[in-house]
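What follows is a set of notes on a single structure, which appears directly below.
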There are 2 protein chains.
Amino acid sequence: MQTRDMLDSIFETELRHLMLVSYVVLGNNAVTNRYIEKVYGMPVHAWSTLFAISMFPGIRAKEIKQLFPRPQNTISRAASLLDARGLIRQETSPTDAREKRLYITDKGAEILAEIRATSLERQEELFAPLDEAERETFFRLARKIADGPQLLTSRAMDPAGAETRERRDASA
Amino acid sequence: MQTRDMLDSIFETELRHLMLVSYVVLGNNAVTNRYIEKVYGMPVHAWSTLFAISMFPGIRAKEIKQLFPRPQNTISRAASLLDARGLIRQETSPTDAREKRLYITDKGAEILAEIRATSLERQEELFAPLDEAERETFFRLARKIADGPQLLTSRAMDPAGAETRERRDASA
DNA sequence: CGAAGATTGATCCATCTGGATGTATCTGGC
DNA sequence: GCCAGATACATCCAGATGGATCAATCTTCG
């Protein structure tokens with residue numbers, strides 16, 4: 001059986017929407033992560049963090065966490081790596097000594113511009129199969145999904161409710 | 001500045017398509033991965049692997065790799081974990097002793113049915129903001145992206161071409 | 001003011017990840 | 001049939017990941 005036919009079958013199951021989105025994103029991430037890692041020697045989350053800091057000078061780690069849904073320690077590490085390389089600087093907030101305000105440096109802005117340009121090329125590749133109207137439609141619908149209240153919290157997959165469930169497969 | 005306003009700003013940049021898709025998927029993955037990990041004690045790739053084996057009895061690891069774009073060793077590990085738990089069995093192919101044909105067991109089918117049901121609920125949550133027509137449009141457009149020739153290979157982010165580029169940020 | 005609790009970000013540690021390598025097997029050219 | 005190279009899958013290992021914990025600071029309220 002050909003790969004194409006198997007993919008068609010998967011995209012005909014009841015889980016086709018999840019499967020398709022997974023497929024696209026796994027594929028794209030493999031390309032992107034490898035590239036950022038190899039060329040810039042940093043995890044891909046470090047550059048998202050740099051992007052956020054560039055857009056919102058003085059942003060705090062906890063705010064970045066809400067823009068890119070990642071665990072808190074991921075942001076900590078990314079900030080510390082970017083700081084060590086002189087791409088950002090961290091200033092303790094004058095109003096709250098717990099907070100660190102993050103600012104991009106000139107060197108950081110230079111690197112970021114380069115990555116943004118490459119990412120734009122990548123975006124063009126990825127969305128090449130869609131014409132302009134289709135891209136806008138896709139974007140509009142994806143935006144609706146993103147704005148949905150259950151993207152980040154789930155009733156169906158609530159780990160708290162699941163704790164009562166038996167881990168029946170872990171017996172072997 | 002509110003989180004919502006910052007997200008709006010990000011989704012107005014030239015990279016809005018990539019950013020939006022990333023946002024949706026990072027958010028959803030966090031929910032899904034945590035749940036599968038916690039309730040079933042296995043990485044989420046293990047259940048994709050189980051799903052593929054269930055759909056295509058006798059499938060080989062290299063074929064699964066094409067259905068779910070992951071490195072080869074990820075599939076190896078998943079298969080070995082599923083085997084250890086008695087959810088699949090592996091048979092050496094009669095025509096090629098290098099290959100292992102993978103088959104789901106009754107126990108595996110039982111667990112899979114449960115996860116599929118939960119995943120379907122999750123899918124409903126995620127796509128709740130779209131009506132039926134919108135979902136079909138979204139699916140159709142995403143399918144076009146998936147079928148594009150540059151999902152898995154990139155010119156813009158080709159690590160080979162990048163090797164010549166200086167890792168200028170790694171100097172610190 | 002002082003103590004309890006909340007919040008921010010850093011760090012710890014067990015686990016996961018993926019590129020590289022290893023082992024077994026198969027294929028093609030001679 | 002034999003050897004070089006290709007292929008399938010397993011394993012290794014350095015580094016990434018994320019839940020849990022920790023230290024520092026702030027807030028609330030008596």
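As the structure is a prediction and not an experimental result, all values here were calculated from the model. A note on names: the letters A, B, ... follow the listed sequences, proteins ahead of strands, and every chain is numbered from 1.
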Next on the checklist: Just the rounded figure in Å: distance from P of C/dC16 to CD1 of B/I75.
Outcome noted: 15 Å

Item to check | Closest to side chain of A/A61, choosing from C/dG9, D/dG18, D/dC26 | outcome: C/dG9

Item to check | First of A/S76 and B/A97 reached from the 5' end of DNA chain C, by closest nucleotide | outcome: A/S76

Checklist entry - When you match B/D96 and A/D96 each to their closest nucleotide on DNA chain D, which lands nearer the 5' end? => result B/D96

Item to check | Spacing between A/L26 atom CG and C/dG18 atom C1', to the nearest angstrom | outcome: 14 Å

Item to check | OP1 or OP2 of C/dA10 under 4.0 Å from side-chain N/O of A/K100 | outcome: yes

Checklist entry - From A/L126 CG over to A/E124 CD, what is the distance, rounded to the nearest 0.5 angstrom? => result 10.0 Å

Item to check | Distance-only side-chain donor-acceptor flag, B/R122 / B/N28, under 3.5 Å | outcome: yes

Item to check | Spacing of A/N33 atom CG relative to C/dT17 atom P, expressed in whole Å | outcome: 13 Å

Checklist entry - Is there a donor N/O on one and an acceptor N/O on the other, under 3.5 Å, for the side chain of A/R77 and the base of C/dG9? => result no

Checklist entry - Is any side-chain nitrogen or oxygen of A/R70 closer than 4.0 Å to OP1 or OP2 of D/dT17? => result no

Next on the checklist: So, taking the atom named CZ in B/R98 and the one named OG in B/S93, what distance separates them when rounded to the nearest 0.5 Å?
Outcome noted: 9.5 Å

Next on the checklist: Output the rounded distance in Å from CD1 (A/I64) to C1' (C/dT8).
Outcome noted: 13 Å

Checklist outcome for this item: Closest of C/dG9, C/dT17, C/dT11 to the B/H45 side chain is C/dT17

Next on the checklist: Distance alone, cut at 3.5 Å: any donor-acceptor contact between the side chains of B/Y40 and B/E114?
Outcome noted: yes

Checklist outcome for this item: Against the side chain of B/E99, the closest entry in C/dC26, D/dC9, D/dT25 is D/dC9

Checklist entry - Atom CD of B/Q72 to atom C1' of C/dA20: distance rounded to whole Å? => result 11 Å

Checklist outcome for this item: Of the listed C/dG9, D/dA24, C/dG18, the closest approach to the A/K62 side chain comes from C/dG9

Checklist entry - What's the CD1-C1' distance between A/I88 and C/dG9, to the nearest Å? => result 13 Å

Item to check | Atom-pair distance (CG on B/N73; C1' on D/dC12), nearest Å | outcome: 10 Å

Item to check | Whole-Å distance separating the CG atom of A/D83 from the P atom of C/dT11 | outcome: 12 Å

Checklist entry - At under 4.0 Å between heavy atoms, what does B/T74 touch on the DNA or RNA strands: base, sugar-phosphate, or nothing? => result sugar-phosphate

Item to check | Atom pair OG/CG of A/S22 and B/N29 - distance to nearest 0.5 Å | outcome: 6.5 Å

